[in-house]
Trainee: 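Below: one structure in structure tokens.
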Amino acid sequence: SRGRQYGFLASWENDIKKVGLLREASRKIMNVDYKWSASKMNKYLKCSLSALPETLLGIREKQEYEESITNASKGTLAHEALKAAVKVLAEIRQEGILPRLEAAARAKAAAEEAMSYGKSFKYADTSENVWALMVEGVREIVMRFIDEEAEYLWDKDKGGLFKPAHFELMLPTGEGPQELAIGDRSIRFTAKIDRVDLIQEGASQRCVVYDYKTGEPPKPKEDCQVAFYSIACSQALGVDPVASIYLSIKPVEASKKNG
């Protein structure tokens, strides 16, 4: 019929219509009430259109259940074990009554308890037997990390002046700002930060923001997560971030705290 497009032109016209619909949908979703997280912002910055269905609308493909060790489960296991261990180290370091090796031993016991199926079943997506296999694969990494962390906290020359203060910190808090100022815009936000270390300097506090990675840490130029967390800490907590770090806990040679 007259006016009808064929082949490439028809496909191109349909694509333009789809893009327009997606853009219109994104405008309706990302209004002043939309809450941004670091992961949502990362996906949107990489490709705004592909981020819309899953990241912004929450539409996901139906997953078939299969009893296996997933990266998500392994990451959660390591995070929970490290949170329990570092809390113990921080408390003992604050009290200043135990030597490093004894503190590390207590932290390892706390990590073992956190990795037990009895403590983990709420987020475990496998049977107890499969979970035990996963723990065996993670235990060595966690225990080595605890030794390194104890050495770091007990040695002031390596940065032990900064003390672990917050674990899996949820922002915003009920009392602090509910929005972040980024450039000339204000956005509502949500953040779950693995760890924040603090040091008091006069009337102000400085912080180091950590994000644990069980896989390969992303390149800072291609990822805004820790930068997003630093902004959140600065504005929501009123502290001065001096470093934001991806802390690798994958099974390689002894991990280092590198900014």
Side-chain angles (χ1 to χ4, degrees), residues 36-47 51 54-55 68-90 107-108 110-111 114-115 120 123-126 131 133-153 158-159 162-171 189-198 207-234 241-259:
W36 286 94
S37 67
S39 60
K40 289 178 181 178
M41 187 168 290
N42 267 333
K43 290 181 180 180
Y44 188 78
L45 290 174
K46 288 178 181 177
C47 181
E54 179 178 348
T55 306
S68 60
I69 299 173
T70 65
N71 289 332
S73 295
K74 188 179 294 185
T76 302
L77 173 65
H79 278 67
E80 291 296 317
L82 292 179
K83 179 176 70 172
V86 177
K87 275 186 176 180
V88 170
L89 288 175
K108 289 177 181 180
M115 290 189 292
S120 309
Y123 61 85
D125 53 6
T126 65
W131 190 258
L133 291 175
M134 183 164 65
V135 170
E136 285 302 312
V138 171
R139 178 179 284 111
E140 181 181 354
I141 306 167
V142 170
M143 298 306 163
R144 186 184 65 233
F145 182 93
I146 292 171
D147 285 333
E148 294 173 2
E149 190 65 26
E151 182 179 353
Y152 168 75
L153 290 174
K158 291 187 176 182
F162 282 85
K163 300 298 188 297
H166 301 289
F167 306 93
E168 295 189 358
L169 174 64
M170 298 296 298
L171 294 176
F189 76 104
T190 179
K192 183 179 180 181
I193 306 173
D194 286 340
R195 174 175 158 189
V196 179
D197 288 10
L198 294 175
C207 78
V208 177
V209 176
Y210 293 108
D211 186 72
Y212 295 137
K213 292 297 181 187
T214 51
E216 191 68 30
K219 297 178 180 179
K221 292 183 178 180
E222 300 175 359
D223 187 277
C224 72
Q225 186 172 7
V226 290
F228 184 88
Y229 290 163
S230 292
I231 295 172
C233 285
S234 175
V242 297
S244 53
I245 302 170
Y246 292 112
L247 195 53
S248 177
I249 51 175
K250 63 178 185 176
V252 294
E253 291 184 0
S255 56
K256 303 294 183 182
K257 285 182 170 63
N258 294 322

Trainee: Of all residues at least two apart in sequence or in a different chain, which pass the ring pair (Phe, Tyr, Trp, His ring centres under 6.0 Å) check with H79?
Mentor: Y212
Trainee: Please round to the nearest 0.5 Å and tell me the distance separating atom CE of M134 and atom CE of M115.
Mentor: 10.5 Å
Trainee: Would you say L153 and P164 make side-chain contact, with heavy atoms under 4.5 Å?
Mentor: yes
Trainee: If we count only N and O atoms by modelled type, under 3.5 Å, do the side chains of Y229 and Q225 hold a donor and an acceptor together?
Mentor: yes
Trainee: With rounding to the nearest 0.5 Å, note down the distance linking CZ in F167 to NZ in K87.
Mentor: 6.5 Å
Trainee: Hey, could you give me the NE2/SG distance between H166 and C207, rounded to the nearest 0.5 Å?
Mentor: 8.5 Å
Trainee: Can you tell me if S234 uses its side chain to pair, donor with acceptor, with the backbone of S230 under 3.5 Å?
Mentor: no
Trainee: Under a 4.5 Å cut-off applied to non-hydrogen side-chain atoms, are F189 and I231 in contact?
Mentor: no
Trainee: Kindly compute the distance separating CG (L89) from OH (Y152), expressed to the nearest 0.5 Å.
Mentor: 12.5 Å
Trainee: Measuring from atom OH of Y246 to atom CG of D194, what distance do you get when rounded to the nearest 0.5 angstrom?
Mentor: 11.0 Å
Trainee: Contact between D147 and K108 at the side-chain level, heavy atoms closer than 4.5 Å - yes or no?
Mentor: yes
Trainee: Check step by step if side chain to side chain contact (heavy atoms under 4.5 Å, CB included) holds for E149 and I146.
Mentor: CA-CA 5 Å; E149 190 65 26; I146 292 171; 5.6 Å; no
Trainee: Taking all non-hydrogen atoms of both residues into account, name the closest pair between A191 and F228 and its distance.
Mentor: CB-CE2, 4.4 Å
Trainee: Tell me, please, which residues at least two apart from E136 pass salt bridge (Lys or Arg N to Asp or Glu O under 4.0 Å).
Mentor: R139
Trainee: If you take all heavy atoms of A78 and T214, which pair is closest and at what distance?
Mentor: CB-CG2, 3.8 Å
Trainee: To the nearest 0.5 angstrom, please state how far the CG atom of D223 sits from the OG atom of S39.
Mentor: 10.0 Å
Trainee: Any heavy-atom pair between the side chains of I193 and D211 that's under 4.5 Å?
Mentor: no
Trainee: Under 4.5 Å between any side-chain heavy atoms of V138 and K74, yes or no?
Mentor: yes
Trainee: Does V135 reach the side chain of L77, with side-chain heavy atoms less than 4.5 Å apart?
Mentor: yes
Trainee: What is the minimum heavy-atom distance between C224 and N42, and which atoms define it?
Mentor: N-OD1, 2.8 Å
